Amino acid sequence: MNGLMVIKIGGGEGIELEPILHEVAELVHAGQRVVLVHGGSHETNELAAQLGHAPRWITSPSGHTSRRTDRRTLEIFEMVYCGKVNKGIVETLRARAVDAVGLSGIDGGIWLGERKNAIRSIEDGRTVIIRDDLTGAVKSVDRSFLSLILDAGRTPVLTPPAVTSDGVAINVDADRAAARTAAALNADELLLLSNVPGVLADPNDRSTLIRSTHGAGLQRIREAATGRMKNKVLAAEEAIDGGVRRAVIGSANGQNAIARARQGAGTVFEGAFA
Ligand code: ADP
């Protein structure tokens, strides 16, 4: 154990970054090693609409949703993720005396991924094959480069895209990239913080939080998680399988969101639950 935390802050609507970055700064000042990963989906949707390239979504036959990423979408995605959101977070952290280093997964090839050649998408009840999509998944993480930054007392702030071995930028799910990163760095904890309190049995009712993965809980969680929540559950499971001690899907909002997630407020995944 090396006392490393990977914290992924979602990019959904209504997430307040200030309080959570304040908490990150306090943790770093207290000597905690942190890798921050962030999204930017809501702002990307807004900018895409403003630029006349409205967002579109792909729903796989198993119910996973992902952003339809053509070249223009990737460019807009980079403007928001690598530009506005990443630099905004670095600026906020630096103003709080954290030596933050903002990087996307393509920089230095930190997140090496594989592009999906053919994606099956359900459109109007029919299966369609999409071949020109720039999406994929992270397959390996440059552990030594990230360790170099951490060992220098700096705090990496990472965001998609990732890059393929032949140098193509790909949109990857930030939750799963964070899980890969946590596993690669032997992190103790992975916190996936977003605009919901965790996995809800009824996504429309915040009082139906499923807290634990023990026993029958995991199956219940897998079934309850629809749409974008599916990726978070997969990410938490992948982190645990990769040796991370604890993964929590929790809320990014309010005071002390990180402390609350660490204390178990949210959906907690722990140890061998297979
Ligand atoms: P972020 O972009 O902040 O990482 P996402 O928007 O990708 O977060 O994922 C969170 C969303 O998942 C919620 O806002 C909610 O709409 C959706 N969701 C689907 N099923 C569930 C569920 N069972 N519990 C909670 N949220 C769910």
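The model shown is predicted, which means the values in this text are computed figures rather than measured ones. Each ligand, and each atom within it, is numbered from 1 in the order the structure gives.
Using a 4.5 Å heavy-atom threshold, the side chains of M5 and I258 count as touching. Contact of the L51 side chain with the R72 side chain is registered, since non-hydrogen atoms from C-beta on lie closer than 4.5 Å.
Near G11, with a cut-off below 4.0 Å to any heavy atom, the atoms of ligand 1 are 1 (P), 2 (O), 3 (O). Residue contact check: K8 has heavy atoms under 4.0 Å from atoms 4 (O) of ligand 1.
Nearest-residue assignment for atom 25 (C) of ligand 1 (options P203, G198, A224; heavy-atom criterion): G198.
Of the protein's heavy atoms, L200 N, 2.8 Å lies nearest to atom 24 (N) of ligand 1. Nearest to atom 20 (N) of ligand 1 among the protein's heavy atoms is T226 OG1, 3.0 Å. Of the protein's non-hydrogen atoms, R228 NE, 3.4 Å is the one closest to atom 5 (P) of ligand 1.
By the criterion of a heavy-atom distance under 4.0 Å, the side chain of K232, and not its backbone, is placed next to ligand 1. At a heavy-atom distance under 4.0 Å, no atom of N231 approaches ligand 1. At a 4.0 Å heavy-atom cut-off, ligand 1 touches V196 through the side chain alone.
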Determine whether R180 and V172 satisfy the following criterion, side-chain contact (heavy atoms from CB on, under 4.5 Å), listing intermediate values before the conclusion. CA-CA 12 Å; R180 281 267 174 182; V172 293; over 6 Å; no
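Salt bridge status for R67 with D173: absent, with no side-chain N to carboxylate O gap under 4.0 Å.
Closest non-hydrogen pair, A224 versus L200, comes out as CB-O, 3.5 Å.
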